[in-house]
Amino acid sequence: MAFFSSSTRDLPQSTVVPQHLAVIMDGNGRWAKKRFLPRVAGHVKGVDALRDMVRVCLDRGVRYLTVFAFSSENWRRPQDEVSLLMQLFVKALQQEVERMNRNNVRLRVVGDLSRFDPLLQSLVAEAEAKTATNTALDLTIAANYGGRWDIMQALNRLAAADPARAGTWSEADLEPYLAMNFAPEPDLFIRTGGEERISNFLLWQLAYTEFYFTPTLWPDFDAGELDKAIASYQQRERRFGRTSEQLTDTGNA
Ligand code: IPE
Ligand code: IPE
Ligand code: MG
């Protein structure tokens, strides 16, 4: 299996559509509250918004879409909200696989799935297997995911595989064990809902990602909103430590 190593060594162009988009889909609860609806109504709308976003990403030529659906900290929410979120997840897995296959979308779920109920775990495995040969868009759902969890599970697996070299491991040694080892690092990170924080999402992988925050609540985040985020990304100059002059001189100094 080929692994992507740290993309910060190369200079991806920011004038083009981001190859890998990472999104914290936040604001479902507030969307519902504004309408005097239960929070779960916002999560239902959130699933609709994700379905639309997959379609728009396919259309715009985004190659990887990685979304935060449930953090390792979200277990702290009221039990009824957690269980409704799990039910929604089950329903979405059952209903969306066919559409993903029609659209050539490959699904992966990253995170500590061992805490989910066995039905959900088997639906995830089934959906991943059924979409495994699709090639237009890699959709990754982070569920019971935490950036610190990811780094620790990778480190523990590296330690088990290569104990003799402990003390001299490099970043490149760790990267194959990280949950997102199949994808280049995100080019653009979007957080909806107005909060400006990472909330323990992809800590390692966001090292040099461009950040975009919007007050728009996730259920309202549509094609026009994504295009605004992409337009903002295309204004950025990604230097990865170099000077501005170096970029125009040699391209890849
Ligand atoms: C994001 O929306 C979805 C999940 C965390 C599952 P929220 O539920 O956090 O919505 P707000 O932030 O309360 O509006
Ligand atoms: C982050 O949203 C996780 C997801 C969107 C799944 P939260 O709404 O849980 O984040 P915090 O806790 O307010 O930072
Ligand atoms: Mg929130």
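Indexing begins at 1, ligand by ligand and atom by atom, following the structure's order.
Residue-ligand proximity: Arg191 is placed with a non-hydrogen atom under 4.0 Å from ligand 2. Under a 4.0 angstrom heavy-atom cut-off, Gly27 registers as being in contact with ligand 1. No heavy atom of Glu73 sits closer than 4.0 Å to any atom of ligand 2.
Among protein heavy atoms, the minimum distance from atom 4 (C) of ligand 2 is reached at Phe68 O, 3.9 Å. Closest to atom 10 (O) of ligand 1, if we only count protein heavy atoms, is Gly29 N, 2.9 Å. Considering only non-hydrogen protein atoms, atom 1 (C) of ligand 1 sits nearest to Met25 O, 3.0 Å.
Around the Mg ion (ligand 3), the protein N, O or S atoms closer than 2.8 Å are Asp26 OD1, listed by chain and residue number.
Looking at Arg197 against ligand 2, only its side chain comes within 4.0 Å, counting heavy atoms. Residue-level proximity to ligand 1 for Arg77 is carried by the side chain, the only part with a heavy atom below 4.0 angstrom.
Between Lys45 and Asn28 the shortest side-chain heavy-atom distance does not fall below 4.5 Å.
Every side-chain hydrogen bond (donor to acceptor under 3.5 Å, both in side chains) that Asn104 has, sequence neighbours left out, goes to Thr135. For Thr131, the side chain to side chain contact (heavy atoms under 4.5 Å, CB included) criterion is met by Val97, Met100, Asn101, Arg106, Leu107, Asn134, not counting sequence neighbours. With sequence neighbours left out, the side-chain hydrogen bond (donor to acceptor under 3.5 Å, both in side chains) criterion links Asp173 to Arg165, Ser170.
When all heavy atoms of Gly193 and Leu217 are compared, the pair lying nearest together is CA-CD2, 4.0 Å. Taking every heavy atom of both residues into account, Ala223 and Arg60 meet most closely at CB-NH2, 3.9 Å.
For the atom pair Phe213 CZ and Ile190 CD1, the distance stands at 11.0 Å (nearest 0.5 Å). Going from atom CG of Asn200 over to atom OG of Ser71 covers 7.5 Å, rounded to the nearest 0.5 Å.
In this structure, Trp218 and Phe221 have parallel ring planes: the angle between them is below the 30° cut-off, well short of the 60° mark. Aromatic ring orientation, Phe182 versus Tyr64: tilted (interplanar angle from 30° to 60°). The aromatic rings of Trp75 and Phe116 are tilted relative to each other, their planes meeting at an angle between 30° and 60°. Between Phe189 and Phe201, the angle of the ring planes lies from 30° to 60°, which puts this pair in the tilted group.
Atoms of ligand 2 lying under 4.0 Å from any heavy atom of Ala69, numbered from 1 in the order shown and given with element: 6 (C). Near Ser199, meaning under 4.0 Å from any of its heavy atoms, are these atoms of ligand 2: 10 (O), 11 (P), 14 (O). Interface of Phe70 with ligand 2, defined as ligand atoms under 4.0 Å from a residue heavy atom, comprises 6 (C). Those atoms of ligand 2 with a heavy atom of Asp26 less than 4.0 angstrom away are 2 (O), 8 (O).
In terms of polar-atom proximity, Glu195 is not counted as a contact of ligand 2, lacking any N or O under 3.5 Å from an N or O of the ligand. Looking at Trp31 next to ligand 1, no N or O pair under 3.5 Å apart turns up. The shortest N/O to N/O separation between Ser71 and ligand 2 does not fall below 3.5 Å. Checking only distances, Asn74 never comes within under 3.5 Å of ligand 1, N or O to N or O.
Side chain of Glu128 to backbone of Val109: a donor-acceptor contact under 3.5 angstrom is found.
When Lys33, Arg30, His43 are checked for heavy-atom proximity to atom 11 (P) of ligand 1, Arg30 turns out nearest.
No continuous path of ILVMFWY side-chain contacts below 4.5 Å connects Leu37 to Met25, so the two sit in separate hydrophobic clusters.
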